[in-house]
Amino acid sequence: MKLHFHGHATWRIDHDSTSILIDPWFTENPQTDCAADAIRKLDAIIVTHGHQDHMADVEAVAKKTGAVVVSSFEIAGYFGGKGCENHPMSVGGGHRFDWGHVKFTHAQHGSGSPDGELGAAMGVVLTIGGKKIYHAGDTGIFSDMKLISELWGPLDVALLPTGDNFTMGIDDAVKATEFLQAGVHIPMHYGTFPLIDTDPSEFVSRVKDAGRKAVVVPPGESYEL
C-alpha cells in the first residue's frame, strides 16, 4: 500500500487496483506535484469539509474518473447536484464499500464554501487492505481523539495538520499523537502559504523524543505500508 502526498492535505491511497483520493486540491496549490487532470484512475474521493483548499478539484476529478464522492450529506449532495456520483454520510457514521470501510469522526473546524455552509467538518478513518489510516482533516486538538484508536483502531497511520493558525500547530499535534498512538504520524497542512509555515522536522523530532514514530513525507513523495 502506498500513501502519496500531493501537498497541503491532499493524499492518494493506492492498494492493489484501488485508488482513493482525500481532499483534492491541485489547481493553484503551490505544493502540488501534478495537475488535476493527471489523476486518471480513481475509485472514490473522500472530502473532509467544504473549504476550497480541500475540495477545489472534486468536481473535475470525479467527472473525469467516475469516482464516487464520499462526504457529509451536504457536501455529497452539493456535488450530486453537479452530476457527480456520491455517497452521503455524517459524523460518527460508517459504511463498507467494495474497496474498504469509511468512518467519519469529529473535527474542530468550519465547513463553509463560497456557496454557503456545507455541513460539519470531519476527520476520516479509512480501512483498506487491512490497514487503518486516519486523516484528521483540518482540526484543532480534542480529547476524544483518544477514542479514535480505542474504538476504531489500532491506527497504522495518522495524517495530522501541523500548520497552526487554522488548525493544530506543532505543540497540539504532538499531544494528539499521544492520544492516537498510531503506528506512524505524518504531518500535513503546513508550509503552503506564510500563515501556516511551520517546520515539519520539529514535529517529527518531538514525536520521536516522546517515544512514538513520525516521518515527513514531502509533497510529491510516498509512504509505503
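- Between His49 and His54, the two ring planes are tilted [angle within 30° to 60°].
- Both Met188 and Ile46 are members of a single hydrophobic cluster when ILVMFWY side chains are connected at heavy-atom separations under 4.5 Å.
- Pairing each heavy atom of Ser71 with each of Phe104, the nearest pair is CA-CZ, 3.9 Å.
- Taking every heavy atom of both residues into account, His8 and Ile196 meet most closely at CE1-CD1, 3.9 Å.
- Aromatic ring pairs are classed by plane angle as parallel below 30°, tilted from 30° to 60° and perpendicular above 60°; the pair Tyr190 and Phe5 is tilted.
- The closest side-chain heavy-atom distance from Pro219 to Asp33 is not below 4.5 Å.
- Taking 4.5 Å as the limit, every side-chain heavy atom of Ile45 sits out of range of all side-chain heavy atoms of Phe79.
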> Going through the distances and angles, do Asn29 and His6 end up as a side-chain hydrogen bond (donor to acceptor under 3.5 Å, both in side chains)?
Replying inline: CA-CA 9 Å; Asn29 176 357; His6 288 294; over 6 Å; no
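- Side-chain contact between Leu126 and Trp99 is present, with at least one heavy-atom pair separated by less than 4.5 Å.
- Residues satisfying the side-chain contact (heavy atoms from CB on, under 4.5 Å) criterion with His95, sequence neighbours excluded, are His87, Met89, Phe97.
- Using a 4.5 Å cut-off on side-chain heavy atoms (C-beta onward), Asp37 and Lys64 make contact.
- In this structure, CD1 on Ile133 lies 5.0 Å from CD1 on Ile13, to the nearest 0.5 angstrom.
- Asp171 has its side chain within reach of Arg206: a pair of non-hydrogen atoms, C-beta onward, lies under 4.5 Å apart.
- Between Phe179 and Ile141 there is a side-chain heavy-atom pair separated by less than 4.5 Å.
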> Under the side chain to side chain contact (heavy atoms under 4.5 Å, CB included) criterion, do Leu180 and Ile148 qualify, and how do the steps go?
Replying inline: CA-CA 7 Å; Leu180 295 163; Ile148 293 173; 4.2 Å; yes
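- When all heavy atoms of Gly50 and Ser111 are compared, the pair lying nearest together is N-OG, 2.8 Å.
- Contact detail for Ala120 and Val91: the closest heavy-atom pair is CB-CG2, 4.3 Å.
- In this view, Glu74 satisfies the salt bridge (charged side-chain N to carboxylate O under 4.0 Å, His left out) rule with no residue, not counting sequence neighbours.
- When all heavy atoms of Thr10 and Trp25 are compared, the closest pair comes out as OG1-N, 3.1 Å.
- Scanning both residues, Ser113 and Leu118, for their nearest heavy atoms gives OG-CD1, 3.6 Å.
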> Could you walk me through whether His51 and His109 pass the side chain to side chain contact (heavy atoms under 4.5 Å, CB included) check?
Replying inline: CA-CA 10 Å; His51 290 165; His109 200 62; 3.2 Å; yes
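- Ion pairing between a basic and an acidic side chain is recognised when a charged N comes within 4.0 Å of a carboxylate O; Asp43 and Lys41 show such pairing.
- Atom NE2 of His106 and atom CG of Leu147 lie 11.5 Å apart (nearest 0.5 Å).
- With contacts defined as side-chain heavy-atom distances shorter than 4.5 Å, the pair Val70/Val124 does not qualify.
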>> Evaluate Asp138 against His189 for side-chain hydrogen bond (donor to acceptor under 3.5 Å, both in side chains), listing each step before the verdict.
In response: CA-CA 8 Å; Asp138 279 5; His189 204 280; 3.2 Å; yes
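- Going from atom CD1 of Ile128 over to atom CG of Asp14 covers 8.5 Å, rounded to the nearest 0.5 Å.
- When side chains are defined from C-beta on, Met168 does not count as touching Phe203, because their heavy atoms never get closer than 4.5 Å.
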